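Fair warning: this is a prediction, and the values are worked out from it, not measured in the lab.
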Amino acid sequence: NMNNLMEPITPDRIMKEGEENPEKKIPGQALIDYRKKAKIEKAKREMARRHLLDFTKYNFFEYQENWHHVLIADVLEAVERGDIVKLMIFLPPRHGKSELASVQFPAWFLGRNPRKQIISVSYSADLAKDFGRKVRNIVSAQEYVNVFPEMRLRSLSSCRLSELMP
């Protein structure tokens with residue numbers, strides 16, 4: 001049909017052609033799948049914006065949560081809300097304290113509170129710099145921009161947390 005050739009290709013046209021011609025059902029189904037994926041991605045971004053553990057899983061794909069990570073994330077979210085003013089986390093080595101509290105939390109906190117600042121300290125300057133570098137890398141990643149588009153880095157040359165800005 002010549003009239004069809006003159007019409008712009010729109011999602012509605014693809015759906016209509018898919019319904020009229022069963023052999024063309026794949027493009028319509030692909031559009032439905034695309035819309036479903038877009039909704040899922042939007043929901044993941046919103047959950048990452050709201051919750052620390054969802055944020056961690058959104059930008060750290062290999063992250064495997066355990067029950068104690070849920071507890072750590074819950075108390076860190078209470079810190080972000082201002083419900084907890086002082087917090088100490090005691091767990092054996094290699095249980096995810098640093099990843100959640102010193103890397104993921106500062107990035108998430110600054111995304112939710114772009115006008116606030118964080119001071120990151122550690123028993124060694126090298127470890128504090130490493131944490132700062134990891135936070136900087138998270139904040140400069142596309143996944144972070146997807147969740148917190150208003151946050152920007154002042155400079156990529158420094159790994160100091162003080163270099164983050166809204």
Margin query: Between Trp108 and Arg49, is there a side-chain heavy-atom distance shorter than 4.5 Å?
Written below: no
Margin query: Measuring from atom OG1 of Thr56 to atom CD1 of Ile72, what distance do you get when rounded to the nearest 0.5 angstrom?
Written below: 10.5 Å
Margin query: Can you give me the closest heavy-atom contact between Leu110 and Gln117, atom names plus distance?
Written below: CD2-CA, 4.4 Å
Notebook entry, point to check: With Tyr58, which of Lys44, Arg45, His51 fulfils side chain to side chain donor-acceptor pair (under 3.5 Å)?
Noted result: Arg45
Margin query: Is any side-chain heavy atom of Phe109 closer than 4.5 Å to one of Phe55?
Written below: no
Note to self: Taking Arg50 first and then Glu46, would you say they form a salt bridge - that is, a charged N and a carboxylate O separated by under 4.0 Å?
What the structure shows: yes
Next item on the list: For residues Phe60 and Glu143, determine if any side-chain heavy atom of one lies less than 4.5 Å from a side-chain heavy atom of the other.
Entry: no
Notebook entry, point to check: Cluster question for you: counting only ILVMFWY and a side-chain heavy-atom cut-off of under 4.5 Å, with indirect links fine, are Tyr123 and Ile89 together?
Noted result: yes
Item checked: Side-chain heavy atoms of Tyr63 within contact of Gln104, under 4.5 Å -> no
Notebook entry, point to check: Would a 4.5 Å heavy-atom cut-off, applied to side chains only, mark Leu76 and Ile84 as touching?
Noted result: no
Margin query: Return the OG to CZ distance between Ser122 and Phe131, rounded to the nearest 0.5 Å.
Written below: 5.5 Å
Note to self: Within the 4.5 Å heavy-atom criterion, are Phe148 and Arg112 side-chain neighbours or not?
What the structure shows: yes
Next item on the list: Report the hydrophobic cluster partners of Phe90, with the cluster defined as I, L, V, M, F, W, Y residues connected by side-chain heavy atoms closer than 4.5 angstrom, directly or transitively.
Entry: Met88
Note to self: Salt bridge check, Lys129 against Asp126: does any charged N sit closer than 4.0 Å to a carboxylate O?
What the structure shows: no
Checklist line | Any donor-acceptor pair under 3.5 Å from Ser102 side chain to Glu99 backbone | finding: no
Notebook entry, point to check: Between His95 and Pro93, is there a donor-acceptor pair closer than 3.5 Å when you use the side chain of the first and the backbone of the second?
Noted result: yes
Notebook entry, point to check: Are Lys57 and Asp54 side-chain neighbours, meaning at least one heavy-atom pair lies under 4.5 Å?
Noted result: yes
Item checked: Separation between CG of Asp74 and CG of Asp83, rounded to the nearest 0.5 Å -> 11.5 Å
Notebook entry, point to check: Is a side-chain N or O of Tyr144 found less than 3.5 angstrom from the main chain of Met151, in a donor-acceptor match?
Noted result: no
Checklist line | Over 12 foreign heavy atoms within 6.0 Å of CZ, Arg81 | finding: yes
Notebook entry, point to check: Can you find a heavy atom in the side chain of Leu91 that is under 4.5 Å from one in the side chain of His68?
Noted result: yes
Check: Is the number of heavy atoms from other residues, nucleotides or ligands under 6.0 Å of Gln64 CD greater than 12?
Finding: no
Margin query: I'd like to know if the side chain of Glu65 and the backbone of Leu53 have a donor-acceptor N/O pair within less than 3.5 Å.
Written below: no
